[in-house]
Amino acid sequence: MTSEDTTAGSAPDVRDAPDHHRFEIHVDGERAGLTEYLDRGDQRIFFHTEIGDQFAGRGLATALIHGALDETVRGGKRIVPICPFVAGYLKKHDDFADSVDPVTPDAVQAVKDSRG
């Protein structure tokens, strides 16, 4: 658990759900939130994050984003932070600075194209 996490019970569990192109965070077996991504070459474009209202205020977004970015970098991918949650995390935490690529019009279009 992070110092910001005030959940009772088990520690939050962040896991990749590659078939759904997202990382999920689970608390006591229940999905509390997710961050969606699109893989394009050596980049992972993060474009949407959400935490369920009943889980708000527990530091879960921070835990989710940290876990997702850590696994992304360990997997050899670069981070493209279209999602405001991800971009905000990266502004406050420089531990991933060497693995971040700028958001480009191409990246934004790739997400739009993937969403139909």
Side-chain angles (χ1 to χ4, degrees):
M1 285 191 198
T2 68
S3 60
E4 298 171 53
D5 188 350
T6 59
T7 57
S10 64
D13 175 35
V14 176
R15 60 182 92 139
D16 192 5
D19 292 345
H20 299 287
H21 308 285
R22 67 187 184 207
F23 284 88
E24 299 175 346
I25 188 164
H26 293 257
V27 175
D28 294 328
E30 185 176 354
R31 189 179 78 204
L34 57 90
T35 186
E36 294 179 289
Y37 62 81
L38 171 67
D39 284 341
R40 194 174 74 143
D42 71 340
Q43 293 181 322
R44 178 161 287 161
I45 305 168
F46 287 91
F47 62 88
H48 175 76
T49 301
E50 62 185 62
I51 298 293
D53 291 341
Q54 69 272 34
F55 296 100
R58 300 184 190 182
L60 295 176
T62 297
L64 170 61
I65 298 305
H66 179 82
L69 298 182
D70 188 54
E71 189 164 327
T72 294
V73 171
R74 281 185 299 144
K77 297 252 183 221
R78 301 203 38 89
I79 301 161
V80 180
I82 291 176
C83 171
F85 270 119
V86 175
Y89 178 93
L90 290 167
K91 284 181 184 173
K92 293 178 185 175
H93 304 89
D94 63 358
D95 40 339
F96 296 103
D98 292 341
S99 299
V100 177
D101 287 345
V103 174
T104 63
D106 267 0
V108 173
Q109 190 61 49
V111 170
K112 287 180 183 177
D113 291 347
S114 75
R115 307 279 298 171

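Taken together through direct or relayed side-chain contacts under 4.5 Å among Ile, Leu, Val, Met, Phe, Trp and Tyr, Ile65 and Ile82 form parts of separate hydrophobic clusters. The hydrophobic cluster containing Val73 also contains Phe23, counting ILVMFWY residues as joined when their side-chain heavy atoms lie under 4.5 angstrom apart, directly or transitively. No continuous path of hydrophobic side-chain contacts links Phe47 to Leu69 [ILVMFWY only; heavy atoms under 4.5 Å].
Rounding to the nearest 0.5 Å gives a distance of 5.5 Å between OG1 of Thr35 and CG of Leu64. In this structure, CG in Asp113 is found 10.0 Å from CG in Asp106, a value given to the nearest 0.5 Å. Rounded to the nearest 0.5 angstrom, Phe55 CZ and His26 NE2 are separated by 10.0 Å. Note that CG of Asp16 and NE2 of His21 are 10.0 Å apart. Values are rounded to the nearest 0.5 Å. Separating the CZ atom in Arg31 from the CZ atom in Arg22 is a distance of 4.5 Å, to the nearest 0.5 Å. Atoms OG and CD, from Ser99 and Gln43 in turn, are 12.0 Å apart once rounded to the nearest 0.5 Å.
Within a 6.0 Å sphere centred on CG of Asp53, heavy atoms belonging to other residues, nucleotides or ligands number 12 at most.
Closest approach of Ala56 and Ile51 over heavy atoms only: N-CG2, 4.3 Å. The minimum heavy-atom distance between Ala68 and Val14, with the atom names listed, is N-CG1, 4.2 Å. When all heavy atoms of Leu60 and Pro12 are compared, the pair lying nearest together is CD2-CG, 3.6 Å. Between Val86 and Pro81, the closest heavy-atom pair is CG1-CB, 3.7 Å.
At a threshold of 4.0 Å, the pair Asp42-Lys77 does not count as salt-bridged, since none of the basic side-chain nitrogens sits closer than that to a carboxylate oxygen.
For Arg44 (side chain) and Arg78 (main-chain N/O), no donor-acceptor pair under 3.5 Å exists by modelled atom type.
The aromatic rings of His66 and Tyr89 sit tilted relative to each other, their planes meeting at an angle between 30° and 60°.
When side chains are defined from C-beta on, His48 does not count as touching Arg115, because their heavy atoms never get closer than 4.5 Å.
Considering Ile79, Val103, Leu90 as possible partners of Phe46, the one that fulfils the side chain to side chain contact (heavy atoms under 4.5 Å, CB included) test is Ile79. For the side chain to side chain contact (heavy atoms under 4.5 Å, CB included) test with Arg40, the passing option among Val80, Val111, Ile45 is Ile45; the others fail.
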